[in-house]
Amino acid sequence: MSNPLENISCIERGFHNVSQIISSLKQKGHGDNGVTLLAISKKVPVEMMRHLWSLGQKDFGENQVQEAMTKYHQLHDLKDIIWHFVGKLQSNKTRQISECFSWVHSIDRLKIAERLNEQRPDGLDPLNVCIQVNISDEQAKNGIQSDDVFSMSESIISLNNLHLRGLMVVPKNSDDKEEQRNTFKSMYGLFTMMQERYPYETIDTLSMGMSKDYIIAIEEGATMVRVGTALFGSR
Ligand SMILES: *Cc1c(COP(=O)(O)O)cnc(C)c1O
């Protein structure tokens, strides 16, 4: 990321490509309920984020609290930007996120959900949250087991300052496309069970797919894809 002009044309190309791919998938009947592109901007300078915003991108995701808060303040003049937190949250860092962000995708402990709920300021809309599921990677420390999704959902639904929106997954890093597809299929199955179980809740978000597998994720029912490298170039 040395030459700013090169970076800018790289972002324009990336944004154009990813947007084209998403709309052509829609034309083929995938993602009929809408697919939101979430730009994952970790380690990306705010000038590049500002440029992507000027092209029409509104949803931005970060995975580290300190970096997220610095950028939040630096981009505070962009009133319609929507901030998502997608990383691991420690309990002593929940307050800033709950005060400033609109979404948290990575809920995997009730204690974190409860703190976010308590710390959500009056006058703000409820914080949108997704439960992070560990469906493919027994070694990973993030995400809950699929068996625990419903008990966690019920606890979150009872918290007034949180708005449960769905599920999120970060699959095991794999180059095996069929394995990724099967993980996404299982997630979609769990997501539709959740929608049937809570018909009065707005369960509309299945957050899955990153730069190298977002196409497969959309084919398998993702409603939100989290894309970094394919938009901004490699970090
Ligand atoms: C970094 C990250 C992404 C984006 O990854 P790319 O491969 O750069 O698209 C998506 N989700 C989470 C949780 C991340 O940490």
Side-chain angles (χ1 to χ4, degrees), residues 1 7 10-22 25 31 35-46 48-49 51-52 57-72 82-90 93-94 97 101-109 112 116 127-137 139-144 165-177 179-181 183-184 187 191 205-235:
M1 295 189 182
N7 289 340
C10 162
I11 293 176
E12 291 184 0
R13 229 177 309 120
F15 184 58
H16 182 76
N17 285 346
V18 175
S19 308
Q20 284 276 302
I21 289 173
I22 292 176
L25 284 163
V35 177
T36 302
L37 173 60
L38 173 54
I40 302 295
S41 46
K42 62 189 184 200
K43 300 199 176 76
V44 171
V46 285
M48 288 170 73
M49 294 170 66
H51 189 67
L52 185 59
Q57 177 65 28
K58 299 296 176 255
D59 292 88
F60 287 85
E62 291 286 337
N63 75 335
Q64 286 202 322
V65 175
Q66 203 182 338
E67 180 183 350
M69 292 314 301
T70 305
K71 289 175 170 175
Y72 171 84
I82 302 168
W83 290 99
H84 299 242
F85 193 78
V86 301
K88 187 152 186 75
L89 252 185
Q90 279 150 1
K93 303 255 176 78
T94 49
I97 296 300
F101 274 42
S102 297
W103 285 76
V104 173
H105 291 228
S106 42
I107 302 289
D108 63 355
R109 283 189 293 153
I112 298 292
L116 291 166
L127 180 66
N128 297 295
V129 298
C130 293
I131 296 171
Q132 183 171 354
V133 183
N134 178 350
I135 207 164
S136 68
D137 188 356
Q139 309 301 314
K141 292 171 226 79
N142 300 345
I144 65 170
R165 298 294 292 270
L167 300 174
M168 179 268 216
V169 69
V170 182
K172 183 168 69 176
N173 200 354
S174 162
D175 288 324
D176 181 341
K177 294 245 181 315
E179 189 181 352
Q180 291 314 62
R181 189 179 292 281
T183 301
F184 293 146
M187 283 298 295
F191 176 63
T205 304
L206 182 54
S207 165
M208 63 184 191
M210 316 203 284
S211 292
K212 67 177 185 180
D213 55 19
Y214 73 94
I215 297 175
I216 304 177
I218 293 171
E219 287 171 351
E220 298 304 335
T223 69
M224 200 179 288
V225 290
R226 307 181 309 269
V227 180
T229 311
L231 289 173
F232 295 109
S234 55
R235 292 181 287 272

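The figures that follow rest on heavy atoms only: side chains count, while hydrogens, waters and symmetry mates do not. Indexing begins at 1, ligand by ligand and atom by atom, following the structure's order. Keep in mind it's a predicted model, so treat the numbers as computed, not measured.
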Margin query: So E220 and Q180, do their side chains get closer than 4.5 Å, heavy atoms only?
Written below: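 The answer is no, as the side chains (C-beta and beyond) never meet within the 4.5 Å cut-off.
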
Checklist line | Check: W103 and R165 side chains under 4.5 Å, non-hydrogen atoms | finding: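 SC-SC contact between R165 and W103 confirmed.
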
Margin query: For I22 and V225: C-alpha separation, side-chain torsions, deciding distance, then whether side chain to side chain contact (heavy atoms under 4.5 Å, CB included) applies.
Written below: CA-CA 10 Å; I22 292 176; V225 290; 4.1 Å; yes

Return the residue, atom name and 0.1 Å-rounded distance of the protein heavy atom closest to [atom].
| atom | answer |
| --- | --- |
| atom 9 (O) of ligand 1 | S211 OG, 2.5 Å |
| atom 2 (C) of ligand 1 | K42 NZ, 2.6 Å |
| atom 10 (C) of ligand 1 | M210 SD, 3.1 Å |

Next item on the list: Might you work through the side chain to side chain contact (heavy atoms under 4.5 Å, CB included) test for K42 and V86, ending with a clear yes or no?
Entry: CA-CA 10 Å; K42 62 189 184 200; V86 301; over 6 Å; no

Note to self: Is it the case that ligand 1 has an N or O less than 3.5 angstrom from some N or O of A230?
What the structure shows: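 No - when backbone and side-chain N and O of A230 are compared with those of ligand 1, no distance drops under 3.5 Å.
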
Notebook entry, point to check: Looking at CD1 of I131 and CD1 of I107, how far apart are the two atoms once the value is rounded to the nearest 0.5 Å?
Noted result: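 It comes to 8.5 Å.
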
Going by the atom numbers of ligand 1, which of them fall below 4.0 Å from some non-hydrogen atom of [X]?
| X | result |
| --- | --- |
| R226 | 4 (C), 9 (O), 10 (C), 11 (N), 12 (C), 13 (C) |
| T229 | 6 (P), 7 (O), 8 (O), 9 (O) |
| R235 | 1 (C), 8 (O) |
| V227 | 9 (O) |

Next item on the list: For N142 and Q132, test the side chains for any donor-to-acceptor distance below 3.5 angstrom and give the result as yes or no.
Entry: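 Checked: N142/Q132 side chains show no N/O donor-acceptor pair below 3.5 Å.
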
Margin query: Check contact between K212 and ligand 1, using heavy atoms of the residue and a distance below 4.0 angstrom.
Written below: no

Note to self: L167 and side chain to side chain contact (heavy atoms under 4.5 Å, CB included): which single residue from H105, M187, M208 fits?
What the structure shows: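 In the set H105, M187, M208, the residue that makes a side chain to side chain contact (heavy atoms under 4.5 Å, CB included) with L167 is M187.
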
